[in-house]
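If you scroll down you'll find the structure; I have some questions about it.
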Protein chains: 4
Amino acid sequence: MSASPRTRPVASPPVRSLRRDAAQNRVRLLKAAEEVFAKSGLSASVDEVARVAGVGMGTLYRRFPTKDALIRELVVDLTKQILGIARQAQEVPDGAGLESFLFATADLMAANRGCLARLWDSRDADDVKDECRTVIAGLLADAKAHGRFRPEAEIGDIDLLFWSLRGVLRATQGLSASGSRRHIAVMIAGWRPSPDPLPEPPLSPEQTERIRRGSPSS
Amino acid sequence: MSASPRTRPVASPPVRSLRRDAAQNRVRLLKAAEEVFAKSGLSASVDEVARVAGVGMGTLYRRFPTKDALIRELVVDLTKQILGIARQAQEVPDGAGLESFLFATADLMAANRGCLARLWDSRDADDVKDECRTVIAGLLADAKAHGRFRPEAEIGDIDLLFWSLRGVLRATQGLSASGSRRHIAVMIAGWRPSPDPLPEPPLSPEQTERIRRGSPSS
Amino acid sequence: MSASPRTRPVASPPVRSLRRDAAQNRVRLLKAAEEVFAKSGLSASVDEVARVAGVGMGTLYRRFPTKDALIRELVVDLTKQILGIARQAQEVPDGAGLESFLFATADLMAANRGCLARLWDSRDADDVKDECRTVIAGLLADAKAHGRFRPEAEIGDIDLLFWSLRGVLRATQGLSASGSRRHIAVMIAGWRPSPDPLPEPPLSPEQTERIRRGSPSS
Amino acid sequence: MSASPRTRPVASPPVRSLRRDAAQNRVRLLKAAEEVFAKSGLSASVDEVARVAGVGMGTLYRRFPTKDALIRELVVDLTKQILGIARQAQEVPDGAGLESFLFATADLMAANRGCLARLWDSRDADDVKDECRTVIAGLLADAKAHGRFRPEAEIGDIDLLFWSLRGVLRATQGLSASGSRRHIAVMIAGWRPSPDPLPEPPLSPEQTERIRRGSPSS
DNA sequence: AATGAATGAGTGTTCATTCAT
DNA sequence: TATGAATGAACACTCATTCAT
C-alpha cells in the first residue's frame with residue numbers, strides 16, 4: 001500500500017489507469033455481478049447488480065457499456081485464471097498435468113458459476129481461449145505420451161468434457177464442488193487407455209470450431 | 001394396425017373434425033415451441049412460438065394456460081418417452097440395458113433440446129420421473145451385477161451423468177447427436193469396473209434430492 | 001298459458017317471432033348475464049355468460065351482436081318493468097303512489113343488480129325511459145298536491161334519488177334489499193314538506209338531461 | 001411562511017433538485033390518474049395515465065409498483081383529507097358539525113371522483129378510515145344530542161349516506177358539485193327528528209362491516 | 001465522476017369478436 | 001343453426017439503456 005518500488009509511476013502513459021475509486025467500483029461491480037448471476041442466472045437485472053455493488057446505474061454503465069460487456073468481462077477474467085492454471089499444470093510431471101488442470105478448473109468454476117453459461121460458446125476473450133487451448137493440447141499430448149489418456153483423445157474431447165462439466169455445475173448450483181470433482185474423476189477414468197475402443201468417433205474440428213465461435217446464446 | 005374393417009376410409013370428411021383442427025394446432029404449437037426453445041432458449045417469447053406455429057396468440061393460450069404450462073407439456077412428453085425407453089431397456093440381456101438406455105436417451109434428447117433446461121430440475125411430471133428413476137435404478141443394479149458398472153456407482157451418479165449430458169447437448173445445439181454419443185461412451189468407459197477407485201465420493205442422496213426437487217431456474 | 005284470447009295469433013307477421021329454442025336461448029342468456037354481471041360486474045367476460053347460460057359463444061353473438069347489446073337488453077327489460085311498476089303506482093290513492101313506486105323499484109333493482117351501472121346514464125331504451133319519466137312526473141305532482149312531498153321537488157330530484165339508490169345497491173351487493181329500503185325511507189322523509197327550506201337549488205333540467213343522454217361509461 | 005432568512009433565494013439552482021423532479025412527477029401522475037379515472041373509470045389503462053401525466057410508463061412504475069398501488073394512493077390521500085375535514089367539523093358548535101362535514105366532504109369528493117369506487121369498499125387506509133369513523137360517530141352523537149338528527153340514526157346510516165353520495169357523484173360526472181349538495185341537503189332533512197318513525201330498520205353492524213371489509217370490486 | 005430517475009420497446013396474458021365446422 | 005376454436009389488439013408490468021442533475 002505504501003509507495004513501494006512495485007508501484008507503477010503515476011505518470012505512466014500507455015494505459016491510462018483508472019482513478020483509484022473508479023477501479024474500486026469496477027472490482028465491486030464485477031464481484032457483485034458474479035454473485036448475482038451465480039444466484040439468479042444471467043437473466044438477473046442490472047439494477048440488482050448495481051444495488052449489490054452499492055453503486056448507481058450510471059456508474060455501472062460508465063464502466064461497462066452494456067450488460068453484455070459486463071458479462072464478457074467476467075468471462076475474460078475467468079478465462080485468464082484458467083489459462084494460469086493450465087500453465088501451472090505444465091509443471092506437473094509424469095503426464096498428470098491435464099488431470100490436475102481439470103480438477104483445479106472444476107474447483108475454480110464451482111467458485112465462479114456466474115458466467116459459466118457464456119464461458120465456452122461465445123467469442124469473448126478469443127485470444128486468451130486460443131492460448132488456453134494450445135496449452136491444453138500440450139497437456140493432452142503429454143498425458144497420452146505417458147499412457148494416462150487413450151491415444152484416441154483429441155482436443156475436441158476436452159471441449160466435450162468442459163461442456164459436460166458446465167452442465168454438472170449448473171445443476172449443482174448452491175452445492176459444493178464435490179459433484180463436479182466426482183464427474184471429472186469418472187471422465188478421467190473413461191479416458192484411461194483401455195482394450196475396449198470408444199464406439200463413437202470424435203467431433204470433427206469443424207464442428208467444434210462452429211460451437212466455439214458461435215454467437216452467445218440466451 | 002392392419003387395415004381392419006374398423007378403419008375409417010381416408011376420404012370421409014364430415015365426421016366431426018372440429019377437434020381434429022384443435023389437436024393439430026396443439027401439436028403444431030408443441031413442435032414450434034420445441035423448435036423455438038431449442039434455438040433461442042426458454043426465454044424466447046410466446047409470440048415467436050405462436051408465429052412459428054402459424055397461429056394467433058389466443059390459440060396458444062387456449063391450448064396452454066401459461067407459457068410455463070407449455071414448457072411443462074414438453075417436459076412431460078419427453079419424460080414419458082424416456083420412461084418408455086427405460087422400460088424397453090429392461091429387456092436387454094447381460095446387464096447392457098443401462099448402456100443402451102443411455103445412448104437412446106441421448107439421441108432422444110438431442111432431438112428435443114428445447115426443454116432440457118427444465119427436464120431435471122423442475123417438479124414437472126414428478127410421478128413419471130420417480131418411476132423412471134426406479135427403472136433406472138434397476139438397470140444400474142443389473143449392470144453392476146453383470147460387472148459392467150463399478151460397484152461404487154449409485155443412482156445419484158446417473159443424475160450427474162444426465163446433468164453433464166445436458167451440458168453437452170446445450171453446447172452442441174444445431175449439431176448432430178454425435179457429440180453426446182461420444183460423451184456417453186466415455187462416461188460408460190469411466191464407470192467400467194477398474195482397479196483404480198474413484199478418488200471422489202458420490203453426492204449424498206440428500207444433495208441429489210435437493211437438486212431434483214429444486215424450483216425451476218431461469 | 002292456455003290459448004287465451006290475449007294470446008297473439010301464431011301467424012301474426014309484423015314481428016317475425018323467433019323459433020321456440022332460439023327464444024329459450026335468448027332468455028337463458030339474459031338470465032345468465034344478469035347473474036354473472038350481478039356477481040362480477042359488467043367487466044365479466046362474455047365467455048362466462050355463455051358458459052353459465054350453457055350455450056356456445058356463437059349462439060350468444062347470434063342473439064346479441066355485441067356485449068353492449070346484451071347489456072342494453074338487460075337495461076331495456078329492467079326499464080320496462082320499472083315502467084310497469086310506475087303505472088301500477090298511478091292507482092295508489094292519496095298521493096302515496098310515488099312512495100310505493102320508490103320502494104317497489106328499490107326492491108326490483110335489488111333483485112336485478114347486474115345492469116344497474118348502465119341503467120340511468122346511457123341512451124338505451126330512451127323511449128321507455130321518457131315514458132317512465134312522464135309517469136313519474138305525474139306521481140310527483142300527485143304527491144306534492146297531497147302534501148306528501150315538498151313543493152320544491154322537481155323531476156330532476158327523482159333522478160338524484162335514483163342515482164343515490166344505485167350507489168347504495170352497488171355497495172350492498174350480496175346483501176338483502178333492507179339497506180336500499182332504509183335509504184328510500186330517509187329520502188322520502190327528507191322530501192316531506194318542512195318549514196326549513198332546502199339550502200341547495202335543484203339541478204337545472206339541462207344538467208339532468210346532459211347526464212341522462214350521456215354516453216355509456218365503463 | 002414569511003421571507004425568513006432561512007428561505008433559500010429563488011435563483012439558487014445547484015442544490016440537489018433530483019428529488020424535486022421525482023416529486024413533481026409523482027404529483028403529476030396522481031393528478032393525471034385522478035383526471036383519467038374520473039373520466040373513464042378505474043379500468044382506464046395505465047398507458048393513458050402516463051400519457052396524460054407526460055411521463056413514460058417506467059416512471060409511473062418507478063413511483064407506484066402496481067396500478068393498484070396508484071389507485072390506493074389516491075384513496076389514501078382522499079381519506080386523509082376527509083379525516084381532516086371531520087376533525088375541523090368537531091369545532092363546529094351546536095351539533096352542526098356533522099352537517100358541515102357532510103357538505104364539505106361532498107365538495108371534496110366532487111373534486112376527486114377518480115377513486116371514489118375504491119373509497120369505501122376496499123381495505124386501503126383502513127387505519128385512517130377507522131379513525132375517521134370514530135370522529136364521525138362523535139359528530140353523529142353530538143348532532144343527536146342537539147336534536148339535529150333522529151335518535152334512530154346509527155353510524156351505519158352514515159355509510160349508507162356515503163354510498164348514496166357516491167352514486168350521485170358517479171352519475172353527475174363532469175358537472176359541478178351542486179347535485180351532490182342538494183342530495184346531502186335532502187338526506188339531512190330526512191334525518192331531522194320527526195314524529196314519523198322510519199319504517200325500515202338499520203343495517204346490522206355485521207352487514208356494514210362485511211361491506212366495509214369487502215375486497216375491491218371491479 | 002456519480003447518481004438514480006426517465007425512457008419505451010418488449011413480455012406474458014386476456015377477451016370481445018369472428019368464422020370454420 | 002349451434003358450436004367453440006381462432007384471432008389479435010390491448011393490458012399491466014419489466015428492464016436494458018440514457019440522461020438530467
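Heavy atoms only: backbone and side chains are in, while hydrogens, waters and symmetry mates are out. Proteins get letters first, then strands, A, B, ... in listed order; numbering begins at 1 in each.
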Euclidean distance, A:R118 CZ relative to A:L78 CG, rounded to 0.5 Å: 14.0 Å
Between P of F:dC11 and CD of D:E48, the distance in whole Å: 9 Å
Interatomic spacing from CG in C:D77 to CG in C:D124 - rounded to 0.5 Å: 11.5 Å
D:R26 side-chain N/O to E:dA5 phosphate OP1/OP2 under 4.0 Å: no
Between P of F:dA2 and CZ of C:F64, the distance in whole Å: 13 Å
Between C1' of F:dC13 and CD1 of D:I71, the distance in whole Å: 14 Å
For DNA chain E, the dot-bracket pattern of Watson-Crick and G-U pairs whose distances stay under 3.5 Å, | for other-strand partners: .||||||||||||||||||||
Options F:dT1, F:dT7, E:dA2, nucleotide nearest the side-chain atoms of C:R62: F:dT1
B:L60 CG to E:dT11 C1', straight-line distance once rounded to whole Å: 13 Å
Touch class at under 4.0 angstrom, heavy-atom based, for D:R51 against every strand present: nothing
Partner set under side-chain contact (heavy atoms from CB on, under 4.5 Å) for C:T59, not counting sequence neighbours: C:N25, C:V55
Residues that C:E35 engages under salt bridge (charged side-chain N to carboxylate O under 4.0 Å, His left out), provided they are two or more places apart: none
Length of the line joining C:N25:CG and F:dG4:P, which is rounded to integer Å: 12 Å
NZ/NE/NH1/NH2 to OD/OE distance under 4.0 Å, B:E73 and B:R63: no
Partner residues of B:D47 under the salt bridge (charged side-chain N to carboxylate O under 4.0 Å, His left out) criterion, sequence neighbours left out: none
Under 4.0 Å protein heavy-atom contacts per nucleotide of nucleotides 14-19 of chain E, with B for base, S for backbone only and - for none: BBSBBB
Spacing between D:Q24 atom CD and F:dA20 atom C1', to the nearest angstrom: 13 Å
Between E:dT11 (C1') and B:F37 (CZ): distance, integer Å: 13 Å
Pairs involving residues 49-60 of chain B, ordered by first then second residue, that meet salt bridge (charged side-chain N to carboxylate O under 4.0 Å, His left out) (sequence neighbours left out): B:E48-B:R51
Exercise: do C:T66 and C:D68 side chains pair donor with acceptor under 3.5 Å: no
B:K67 (side chain) donor-acceptor with B:L42 (main chain) under 3.5 angstrom: yes
